[in-house]
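Here the structure is laid out as C-alpha cells; the discussion comes afterwards.
All of these numbers come straight from a predicted model, not from anything done at the bench. Counting starts at 1 for both ligands and their atoms, in listed order.
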Amino acid sequence: MRKKVIAGNWKMNKVSSEANEFIDEVVEKAPTSDDVEAIVCAPFPFLASLAEKTKGTTVKIGAQNMHFEDSGAFTGEVSPGMLSDLGVTHVVIGHSERREHFAETDETVNKKTHAAFNHKLTPIVCVGETLEQREANETMNHVESQVKKAVEGLSDEQVTETIIAYEPIWAIGTGKTASSEEANEVCAHIRQVIKAITSEEIAEQVVIQYGGSVKPANIDELLAKSDIDGALVGGASVEAESYLQLVEAGTR
Ligand SMILES: O=C[C@H](O)COP(=O)(O)O
C-alpha cells in the first residue's frame, strides 16, 4: 500500500519566530506512523532553521521553488545544491502560482525535476487545469501533457520517486474543493499516464496528491479515494493545529 504524503505549503506567509514555533509544536506532536509522511514547504529564509530543528525526526522540510542551474549569475535565485546542503529533502516544482506569476513553463519544470534528482531532492510536481479548461472538457488532456513533459527523460526509478500534486487551479485558495470523485478521476488518469510511460508496477508506486482547499473537514473523504495518496495544502497548513490534524488523517 502506498503511504500518504501530507505536504503543507505555507506560500509567502509567516516570520521567523512563527515558523520556529510551528515546527517545535509539529515535531513534538506529529504522529510517528509509517503510514504517513509529513512535509512542510516553507519560504527560503526559514529553511536552515527548520531543517536543523527537524533533523532526526519524521518531519521533512521542503522548498517552494528553486533554480535548475547548479550555480551562476542568477541574482535572487536559489540552487538545488543550496537546498540539499541545508538538509531540505523536497521541493515544490511548477506550482500554478509560479506558472502564472513567474513564467514557469513545462520546460523549466522538466529542467527543475531533473535538477532535483541530481541533488537528491524529491520533486513535488504540480499540475492542474484552469476553470476554463475544465469547462471546455480539456482537463485530462492538459494534465496529461503537463505530467508527460515534467517527467520527460527521467529514469524509471526517478519517476517512481516523483510526487505529483494534482491541483485544479479553480480550487486553490477559493474554498471550492473538487469533489472527491472529480479529484480521484484526474489522479487515476495521471496514474494511467505514468503507466503508459513506464509500467504498471511503477505507476502503482507513484504518490499522487490532491491540492485545492484541503482542510481537516474534507481530507478524510479525499484520502479514502483509491488514487489520492496525500495532499498538498496551502491555507490549512499554516497553523500547526490544523496541519497536525491533516497529518493525523494520513494515519487513518
Ligand atoms: O500548494 C497548495 C495549493 O496551492 C492549495 O492551496 P489551498 O489549500 O490554500 O487551496
Side-chain angles (χ1 to χ4, degrees), residues 4-14 18-19 22 26 37-44 46-47 50 59-66 83 88-102 104 109 112-113 116 121-131 133-134 139 142-143 146-147 150 162-180 182-184 186-187 190 207-223 225 228-250:
K4 301 285 192 249
V5 180
I6 309 297
N9 174 13
W10 290 351
K11 307 193 178 181
M12 197 173 70
N13 289 295
K14 291 194 186 293
E18 294 166 338
F22 174 109
V26 165
E37 181 156 85
I39 307 165
V40 176
C41 300
F44 292 131
F46 313 144
L47 293 176
L50 299 186
V59 181
K60 306 266 194 281
I61 301 301
Q64 299 172 10
N65 178 42
M66 64 176 191
L83 298 177
V88 168
T89 54
H90 291 73
V91 58
V92 177
I93 293 175
H95 191 283
S96 59
E97 288 151 16
R98 295 217 58 89
R99 292 181 193 252
E100 183 184 349
H101 304 301
F102 302 96
E104 193 82 84
V109 167
K112 290 181 182 191
T113 305
L121 295 164
T122 302
I124 302 174
V125 175
C126 302
V127 298
E129 81 285 4
T130 61
L131 187 57
Q133 287 168 324
R134 174 156 283 265
T139 299
H142 178 68
V143 167
Q146 285 183 316
V147 169
T162 301
I163 297 173
I164 298 174
Y166 166 57
E167 299 205 311
I169 295 169
W170 49 271
I172 295 177
T174 57
K176 272 191 210 166
T177 323
S179 71
S180 53
E182 283 171 329
N184 192 56
V186 182
C187 291
I190 292 171
V207 168
I208 303 175
Q209 299 175 313
Y210 167 76
S213 299
V214 176
K215 36 190 177 291
N218 61 20
I219 193 166
D220 284 330
E221 190 186 339
L222 290 158
L223 294 187
K225 292 292 175 191
I228 302 178
D229 308 320
L232 180 59
V233 188
S237 75
V238 176
E239 296 307 324
E241 192 188 337
S242 166
Y243 175 75
L244 283 164
Q245 286 177 40
L246 296 165
V247 176
E248 195 67 50

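Glu129 and His142 share no side-chain donor-acceptor pair at under 3.5 Å.
Side-chain atoms of Val127 and Val186, non-hydrogen and from C-beta on, never get closer than 4.5 Å to each other. Between Tyr166 and Thr139, the closest side-chain pair of non-hydrogen atoms falls below 4.5 Å.
The residue from Ile163, Ile61, Leu121 that alone fulfils the side chain to side chain contact (heavy atoms under 4.5 Å, CB included) condition with His90 is Ile163.
The atoms of ligand 1 that sit less than 4.0 Å from any heavy atom of Gly173 are 7 (P), 9 (O), 10 (O). For ligand 1, the atoms lying closer than 4.0 Å to a non-hydrogen atom of His95 are 1 (O), 2 (C), 3 (C), 4 (O). The atoms of ligand 1 that sit less than 4.0 Å from any heavy atom of Ser213 are 7 (P), 8 (O), 10 (O). Atoms of ligand 1 lying under 4.0 Å from any heavy atom of Gly212, numbered from 1 in the order shown and given with element: 5 (C), 10 (O).
Here the heavy atom of the protein found nearest to atom 1 (O) of ligand 1 is Asn9 ND2, 2.9 Å. For atom 8 (O) of ligand 1, the closest non-hydrogen atom of the protein is Gly234 N, 2.9 Å. Annotation: atom 9 (O) of ligand 1 to nearest protein heavy atom, Gly235 N, 2.8 Å. Ranking protein heavy atoms by distance to atom 2 (C) of ligand 1, first place goes to Glu167 OE2, 3.2 Å.
Ring-plane geometry between Tyr243 and Phe22 is classed as tilted, the angle between the planes lying from 30 to 60 degrees on a 0 to 90 degree scale.
Looking at Lys11, Gln209, Gln64, it is Lys11 that brings a heavy atom closest to atom 6 (O) of ligand 1.
By the criterion of a heavy-atom distance under 4.0 Å, the backbone of Ala171, and not its side chain, is placed next to ligand 1.
Gln64 contributes a side-chain N or O that, together with a main-chain N or O of Cys41, makes up a donor-acceptor pair within less than 3.5 Å.
Annotation for Glu221: atom CD does not count as buried by contact number, only 12 or fewer foreign heavy atoms lying within 6.0 Å.
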